[in-house]
Chemist: 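There's a structure below that I have some questions on.
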Amino acid sequence: MLTSTNQLGFPRRVVALYLLFCLSAVLLLSTGAVMAVDSLLKAQAAGDALSQVGRLAAAIEIDLVTTGGEKTQALVENARKEGRLTWCAVVAPDGRYLAHSDPTLLGAIEIEPIGSQLRWGAIDGVRYSDENGLIVNAYRAPLSTNNEPVGSLVMAVAVPGWKGVVKNLAEHAPLAIVGPLGVILLGGWWLRRTTRPLADIERGLSAIARQPYDDSPRCEAIAPSSLAAIGWNRIAQAMPSNLVDQSDEATQAKLRVLAGNAGGKQRAAIESLSEGIAITDAEGRIDFANRAVAALLGSDDEIEGVSIDELLAGLASTKENPLAGSSRDAEVVSELQVATGSGDRMLRLARAPLGGDASTGHVWSLRDITQQKLTDASRDQFIDTATHELRTPLANIKAYAETLAMGDMIDIEEQKEFCNTINAEATRLARFVDDLLSISSLEVGSLGIQRTTVDVRRLLDEAADKIRPTIKQRGMTFEVKLSEKLGEARLDKDKVSGMVVNLLGNAAKYTPEGGTVTLTAVREDEQLKIEVRDTGVGIAADEAEKVFEKFFRSANPAVQDQVGTGLGLPLAREIARLHRGELTLASKLGEGCTFTALLPLQ
Amino acid sequence: MLTAPKTVLIAEDNAALRRVIGFALKGCGFEVTAAPDGAEAWRIAEGQTFDLVVTDQQMPHLTGVELVEQLRQSTTNAKTPVILLTAKGMELEADTLREQYGVSAMLHKPFSPSQLGALAEEMIGQLV
């Protein structure tokens, strides 16, 4: 069984170890520095001394030649003072002191110091300890005049000891000690800061470890200062025991929204929603977001902990947060236009305060309503078109009927024409209503076909007859080329006829005066091929498939000028497909178009 | 009292409606000129001052409101009263049309020819 111990927390241990190693490194470095400075100072002292020996020897030689040694004693004493020498002497060939920095020893027999022998070129020397415990180097240089040896110069220099080294190092201490020390302490602080969440996690884990085995473990949420901490919090939230007994009210409110009273399934359900759900804290940072949020906001990065307002403002086409001005205590709904690589998208945002007011944060829902907007737009367009299509014939019927009823100055021919107009307009109205009914059954998929055996040639002739007056009226040429071998086929007579009339009607509508509309039909490979070709305005390549979409109206002004429901072609294609066939379009803008219906006969 | 007949310009793309409007206004004693679209109506109106213009709203090339805007800028028909026929009465506010574009009156389809005749007579003489 584990027991509580007072050992240091993990980050403190890390910091302590770090400092220990740093101090060891500093100690080793300092030792190295002392040693290096020591040998440097020794070499420097030796160099100085050697050059001084040379100069002094030369001066004494000159003095011996010119004055016979009158100034030698003065030179030696001077050299000791100026060169900070321990002592200095000139020894005659007979072994007596000819000159000495200590005048009491003049003429005395030389006392040769005993120690280790040193040698630098012509100069040799001895290293020894004097009575004061100082290490002294005594350099001995031979003196000669006119190539005759006249004795030797002995110069003793104290070797700098550890005091000298310390004194020398002390000058650089502020930089050499404070600098590294500062860096080490900064490193320690940073390390402590970085590992703090680990301390919290470790504490949590230790607490769990100390709990009895028969309890389901409980763990507490920690400050979300890092990814690891957020991860810990998510584990903490998923703990079943945390969900039933939570003291933190804000967290409880969030959990109610998130999961009711049992973790995993609800969370998984929220994650799987296509609608984005996010929870933000009182400062607007994201505490939780399901996968759809990141996808809707187009964010590949971790978004938890990020301010949602900034995310939204960054995405908006206007670069402004659409909810910026609204009250944080009320439920708000807004739309946000987002520019993405694949075109503009529209997001619907809803924000509601958690638990009634903004102090505990907000719950957000995000939905992509681009498709809905497009559908709305095409429905609006359809209603516009339908209104116009319904009112125009109605207006005519009403106007002509009233004129007929009230006018008494109308001759019989005019009366007949007026009646014909009313009839034609009523037919147009009826056809539009039929279209609407067909499209509405197409909507619910209930548009079925009833195949009967029909004479194909007769069917197509009748369809052509229906549209012929319109084509004639518009001053166009109508060519009908039907193969002799069309024979009989099992088709839905009304629907196929409707499809052909529709295609011919379009051809007539979008072909200028003087153009040609051609209807051809052949039977090949057990297929019935019906082709409607015109020399009209044509359809641009980018609209070639769209013309088969419901309510689609071309952007081409020549088409916009004409009245249309945007229903005919989708319906025609549906009829072809119900016959297990297909309706296709080949067209070039400005050169007319050809619609081809291929209907299998088996 | 003998006066010259009042002139009216009709702009309407639907041939049947154009004819019946013309018929109704002739019955009221107007001298009728008809155009099959807004652009043609504008071409005619540039060269002649009319006592009244009756125009459909939804027409190819030039809509009714666009035609009115051009008429108000013209030298020939800046003050001519205009009756706008519309199938989309809900969208365009009568006040806005009157104040912003100078439309004198509106009639929603389907309308009665006698109502149009009465409105036309009422408009005559009313300068914008």
Side-chain angles (χ1 to χ4, degrees), chain A residues 380-411 413-429 432 469-470 473-475 509-510 512-513 537 553 556-564, chain B residues 10-30 32 34-41 54-67 83-92 106-121:
Chain A
D380 288 351
Q381 162 143 40
F382 168 70
I383 288 171
D384 274 2
T385 314
T387 314
H388 187 266
E389 283 293 278
L390 289 169
R391 283 210 194 181
T392 305
L394 263 181
N396 275 322
I397 291 167
K398 183 176 167 71
Y400 278 91
E402 195 189 292
T403 309
L404 277 171
M406 293 177 62
D408 40 19
M409 301 145 44
I410 314 169
D411 62 44
E413 269 309 305
E414 262 181 334
Q415 283 185 20
K416 205 173 158 189
E417 272 177 47
F418 284 13
C419 287
N420 282 338
T421 305
I422 291 171
N423 192 17
E425 293 295 317
T427 309
R428 177 175 165 180
L429 205 52
F432 184 74
T470 319
Q473 193 189 334
R474 292 179 58 93
K509 196 151 69 173
Y510 301 117
E513 282 182 26
V537 294
R553 296 283 287 148
N556 185 346
V559 175
Q560 298 250 308
D561 282 350
Q562 298 289 336
V563 169
Chain B
I10 299 167
E12 167 63 65
D13 60 324
N14 184 288
L17 207 54
R18 188 164 68 237
R19 183 175 176 195
V20 77
I21 293 168
F23 192 87
L25 293 177
K26 266 181 207 156
C28 296
F30 282 93
V32 172
D37 59 60
E40 177 67 11
V54 176
T55 175
D56 187 17
Q57 162 58 15
Q58 200 172 22
M59 287 184 296
H61 307 310
L62 201 64
T63 68
V65 169
E66 284 164 357
L67 174 65
I83 299 173
L84 186 73
L85 304 176
T86 170
K88 295 184 191 173
M90 311 306 285
E91 273 182 24
L92 304 166
M106 276 171 64
L107 213 52
H108 293 174
K109 292 180 186 177
F111 58 88
S112 134
S114 54
Q115 197 187 345
L116 173 64
L119 189 61
E121 283 170 346

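Numbers restart at 1 for each chain; the letters A, B, ... are given by sequence-line order, proteins then strands. What's counted below: heavy atoms across the whole structure, side chains too, no hydrogens, waters or symmetry copies.
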Chemist: OG1/A/T392 to NZ/B/K109 distance, rounded to the nearest 0.5 angstrom?
Modeler: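 Between atom OG1 of A/T392 and atom NZ of B/K109 there are 4.5 Å.
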Chemist: Please flag which part of B/A24 lies under 4.5 Å from any non-hydrogen atom of chain A: side chain, backbone, both or neither.
Modeler: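 Neither; nothing under 4.5 Å.
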Chemist: How close do B/P113 and A/A399 get, counting heavy atoms only, and between which atoms?
Modeler: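 Heavy atoms only, the tightest pair is CG-O, 3.4 Å.
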Chemist: Drop me the distance from B/F111's CZ to A/E402's CD, to the nearest 0.5 angstrom.
Modeler: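 Rounded to the nearest 0.5 Å, the CZ-CD separation comes to 9.5 Å.
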Chemist: Mind checking the CG-CD spacing from B/N14 to A/E425? Nearest 0.5 Å is all I need.
Modeler: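 So the CG of B/N14 and the CD of A/E425 are separated by 5.5 Å.
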Chemist: Which value, rounded to the nearest 0.5 Å, describes the distance between A/K398 atom NZ and B/L17 atom CG?
Modeler: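 A/K398 atom NZ to B/L17 atom CG measures 12.5 Å (nearest 0.5 Å).
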Chemist: Provide the closest heavy-atom pair for A/A395 versus B/P110 in the form atom of the first, atom of the second, distance.
Modeler: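 Closest pair (atom of A/A395, atom of B/P110, distance): CA-CB, 3.4 Å.
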